[in-house]
Peer 1: 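Just dropping this structure here.
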2 protein chains.
Amino acid sequence: MSRDERRRRTEAAILRAAREQFSVAGYERTTIRSVAAAASVDPALVMQYFGSKEGLFAEAARWDDDHQTVLQASREELPRAALADMLGKFEGDDTREAAVAFMRNCLTHPEANRIMRDEVMCDRAAGIAAILGGDDAELRAGLIGACMMGLGLSRYVFELPGVATASRADLERLMEPVLRALVDPPA
Amino acid sequence: MSRDERRRRTEAAILRAAREQFSVAGYERTTIRSVAAAASVDPALVMQYFGSKEGLFAEAARWDDDHQTVLQASREELPRAALADMLGKFEGDDTREAAVAFMRNCLTHPEANRIMRDEVMCDRAAGIAAILGGDDAELRAGLIGACMMGLGLSRYVFELPGVATASRADLERLMEPVLRALVDPPA
DNA sequence: GCGAACGGTCAACACGCGTAGAGTGAGTTG
DNA sequence: CAACTCACTCTACGCGTGTTGACCGTTCGC
């Protein structure tokens, strides 16, 4: 095996082990040592590749932050777009585990918390509010974000029986009217 | 000052400091030492009163779990009851900070996570499903819980600008139709 | 083929943590 | 006032952590 292929593989193995542990046990409870052990590697190598535990976490717990999909939607399309965007973050094994690792730690890890609050929730809410318009636009946009976050947590982090096993179609069918109630609040 | 009044006061001071730190920094990042310092007390005293860090956390981070209010509601009343129940958990300074401490750690602290998942979400969803009836009852109940959790987190843990500052009346006015869309899903 | 480069390991350090046990001094009780 | 209780403090232990720098052995460029 060539040298840099070997490098790429072990780096990927470390990353996989890190994602797994960060997403299950959380940042503080996963140790460099346990990640290294799971990747069959020396702890010092993890440091060499990722600089620090924070660096490893930043690399392992990612949240693809493309606001475009949602923010280019019309009022009419917004509910489905928001749902598709949220559920799409969890497609593909690595993507999914990276997203779960991020979500699991977004309440307690300072940097993940900052990103979730400022970049994911606030920025997006501002954009959605612009699409919505009206007096309560900002609040309604915030509540849309709140419901989507609740859905993501229930389905992928808590894995609640009903919500985690539901089909995507059922989720869209039931949640679309929910979001619409915030897009076009009844008089 | 009498001896046991003094005792009660320092115990309360420790508990207040613990709630404050658990709710802001999370379980792992608050130390017995820092809590003791904030309460102007020796770390060993915290151990003497609460047994262990886990014991202190269990005492400080509480979630009043009365399912009655919600589960005695009719289909018609359920949205308002669920909202009132959720918002009610955060009334009163101590109650509020205890609830925030619990929520902040419900993704990463094993015991808080277990309680949130099994007792708060699952048990309640089962009860709500019984009220709802119909094919998707369990899923719809789960989604109601998901939205309520998202609301609680956004308002009290993340303190998102729009959601945290909204009046209770606005919240009820906007969220009631949201929940109703899950109670009576449109054909 | 030889020296550099690099993937990978080993042993160790310094630190902060939860926790334990002996000690102290003021309030309580007979 | 003496004996005692109990809130509270001091000191220290043991452990696991993130992190470091010196060290091997293979692979690459010349």
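No hydrogens, no waters, no symmetry mates; every other heavy atom, side chains included, goes into these values. Below, chain A is the first sequence line, B the second, and so on; all start at residue 1. Keep in mind that what you see is a predicted model, and the values were worked out from it rather than measured.
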Peer 1: At 4.0 Å (heavy atoms only), tell me whether B:S34 reaches a base, stays on the sugar-phosphate, or touches nothing.
Peer 2: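 Here B:S34 touches no strand at all.
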Peer 1: In a check of salt bridge (charged side-chain N to carboxylate O under 4.0 Å, His left out) between A:E5 and each of A:R9, A:R3, A:R8, A:R7, which one passes?
Peer 2: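 Exactly one candidate clears the test, A:R9.
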Peer 1: What integer distance in Å separates A:D4:CG from D:dC28:C1'?
Peer 2: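 Rounded to the whole Å, the gap is 10 Å.
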Peer 1: Is there a donor on the side chain of A:R33 or the base of D:dG16 sitting less than 3.5 Å from an acceptor on the other?
Peer 2: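 Side chain to base: no pair present.
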Peer 1: Working to the nearest 0.5 angstrom, can you tell me the gap between A:T31 OG1 and A:Q21 CD?
Peer 2: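 Interatomic distance, A:T31 OG1 to A:Q21 CD, rounded to 0.5 Å: 7.0 Å.
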Peer 1: Nearest whole angstrom, please: distance from the P of C:dG18 to the CZ of B:F57.
Peer 2: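 These atoms are roughly 14 Å apart.
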Peer 1: Of A:E11 and B:T31, whose nearest nucleotide on DNA chain C comes first from the 5' end?
Peer 2: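 Its nearest nucleotide lies further toward 5', so the answer is A:E11.
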Peer 1: A:E54 has an atom CD; how far is it from atom C1' of D:dT19, in whole Å?
Peer 2: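 To the nearest whole Å, that distance equals 14 Å.
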Peer 1: Taking only the side-chain heavy atoms of A:S52 (C-beta and beyond), determine which of D:dC8, C:dG8, D:dT19 contains the nearest atom.
Peer 2: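 In terms of side-chain proximity for A:S52, the closest of D:dC8, C:dG8, D:dT19 is D:dT19.
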Peer 1: Base, sugar-phosphate, or nothing for B:F50, non-hydrogen atoms under 4.0 angstrom?
Peer 2: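 The residue B:F50 makes no contact with any strand.
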Peer 1: Could you tell me how far apart A:L45 (CG) and D:dC24 (P) are, to the nearest whole angstrom?
Peer 2: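 These atoms are roughly 18 Å apart.
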Peer 1: Looking only at N and O atoms, is any donor in the side chain of A:R3 or the base of C:dA5 less than 3.5 Å from an acceptor on the other one?
Peer 2: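 Flag set: donor-acceptor pair detected.
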